[in-house]
S.K.: 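Sharing a structure with you now.
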Amino acid sequence: MPGIFLKELDALKAQGLYRRIRTICGSQGAHVSLEGRDVLLLCSNNYLGLADHPYLKEAAMRALERYGAGTGASRLVSGTMELHEELEHRLAYFKGTKGALVFNSGYAANTGVIPALVGRGDLIFCDRLNHASIIDGCLLSRARLLRYPHRDMTALRRKLEETSSSEGRKLIVTDGVFSMDGDLADLSELVSLKKEFGAILMVDDAHGAGVLGACGRGTAEFCGVEAGIDIHMGTLGKALGGFGAYVAASREITELLLNRARSFIFSTSLPPSVLATALAALDIVESSEGRALRNRVMRHAETVRCFLGPAGFDTKASRTQIIPLHVGGAAETMEFSRQLLDQGVFVQGIRPPTVPRGTSRLRLTVMATHKEEDLERAAELIAATGKRLGII
Ligand SMILES: *Cc1c(COP(=O)(O)O)cnc(C)c1O
């Protein structure tokens, strides 16, 4: 049946929502080679610059040499190797929990964990701007999904009050750092609400882990509420420079997850080289080098925000290394991105369904490996281009 999907693809093109892949040659640095040209990379989640760090590469190579390329099975069959156990111990220690479980990706963690915790008859309270993988996990669980307006704790309280007589379990789930806005969940209020209403609180800290908090333990450390979070989920592929994800929680919860989370049970486990990369990344995050890298990222974010905010961009409530530059329409956003790329600056446009309709934006991210002067030059270029396009 040739051609039955062409109309759909044409419709995406007409709405400015058609996507295509851009290929980077070489490794993931502050400058990358994109389709044959050198560009400044301003849309990577490699916040600490660990993705091509010599220490991580060496750890991966040593593990490859010693343990081989793959694991040959899922975790519960014969795919658990020493490094899985070592990494889980290390993550539990890092997050200050009794248990931790490694998942194959953040997407796999959220779609596995949420349906393991709640099901039919239960309730999920979910911030409207939570990551797509959380939404998918909620839908898979078949629990009743109650979405509250972004960071609106009054609305959440109202929903909790309205459902307080419900017999089922209640799960509150939120991004720690919101992935497309760079603002933070109100974790201290969420902790009080979950206590008051007997709910379980899960925080997806994909963008906070390694970056926020004096020790890099993430948004909960930054907010001073680590012990109040029941389930800490984080990824190993962003600030930690490698690949994979984890859940840190009580032993009771990690035991349940290894018995119930389908993405954990029915998927081949992460290979040794990837696990070794994560262990090496934790070495750095916990060292003085990690602290220096975190300080650099935050300084860089401040530099960019302090230039682009006053230049007229709506950077929303960004408090982190993720800085949205609000445009509105999808087509205008992509044109803005394209013109910047022509000038050697790579900032990807973000459109629906990643963000709500009418809120398309450039999502600018800074890395510790950027040079201050490169960021200043890029910010000037972004402002000049934004002005020319009538965005500011
Ligand atoms: C990136 C991301 C994920 C998915 O993690 P992967 O390891 O890339 O699959 C989950 N949640 C949030 C908030 C994210 O930003």
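As the structure lists them, so they are numbered: ligands from 1, and atoms in each ligand from 1.
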S.K.: What's in the same ILVMFWY side-chain cluster as Val355, cut-off under 4.5 Å, chained through other members?
M.R.: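 So far as hydrophobic clustering goes, Val355 is joined with Met180, Ile350.
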
S.K.: Output a table of donor-acceptor pairs, distance under 3.5 Å, between side-chain atoms of residues 251-259 and any protein atom two or more places apart or on a different chain; print 'none' if there are none.
M.R.:
| residue | atom | partner | partner atom | Å |
| --- | --- | --- | --- | --- |
| Thr254 | OG1 | Ser250 | O | 3.4 |
| Thr254 | OG1 | Arg251 | O | 3.2 |
| Asn259 | ND2 | Glu255 | O | 2.8 |

S.K.: Check this for me: does any side-chain nitrogen of one of Arg338 and Glu335 sit under 4.0 Å from a carboxylate oxygen of the other?
M.R.: yes

S.K.: Under a strict 4.0 Å criterion on non-hydrogen atoms, which protein residues are in contact with ligand 1?
M.R.: Ser105, Gly106, Tyr107, Asn110, His131, Ser133, Asp175, Ser179, Asp204, Ala206, His207, Thr235, Lys238

S.K.: I'd like to know if Asp152 pairs up with Arg128 as an ion pair, taking the criterion as any Lys NZ or Arg NE/NH1/NH2 lying under 4.0 Å from an Asp or Glu carboxylate oxygen.
M.R.: no

S.K.: Cut-off 3.5 Å, no hydrogens considered: what does the side-chain donor-acceptor table look like for residues 377-392, sequence neighbours left out?
M.R.:
| residue | atom | partner | partner atom | Å |
| --- | --- | --- | --- | --- |
| Thr385 | OG1 | Gln343 | NE2 | 3.0 |
| Thr385 | OG1 | Leu381 | O | 2.7 |
| Arg388 | NH2 | Gln339 | OE1 | 3.0 |

S.K.: Look at the rings of Phe336 and Phe313 and say which category their plane angle falls in: under 30° parallel, 30 to 60° tilted, over 60° perpendicular.
M.R.: parallel

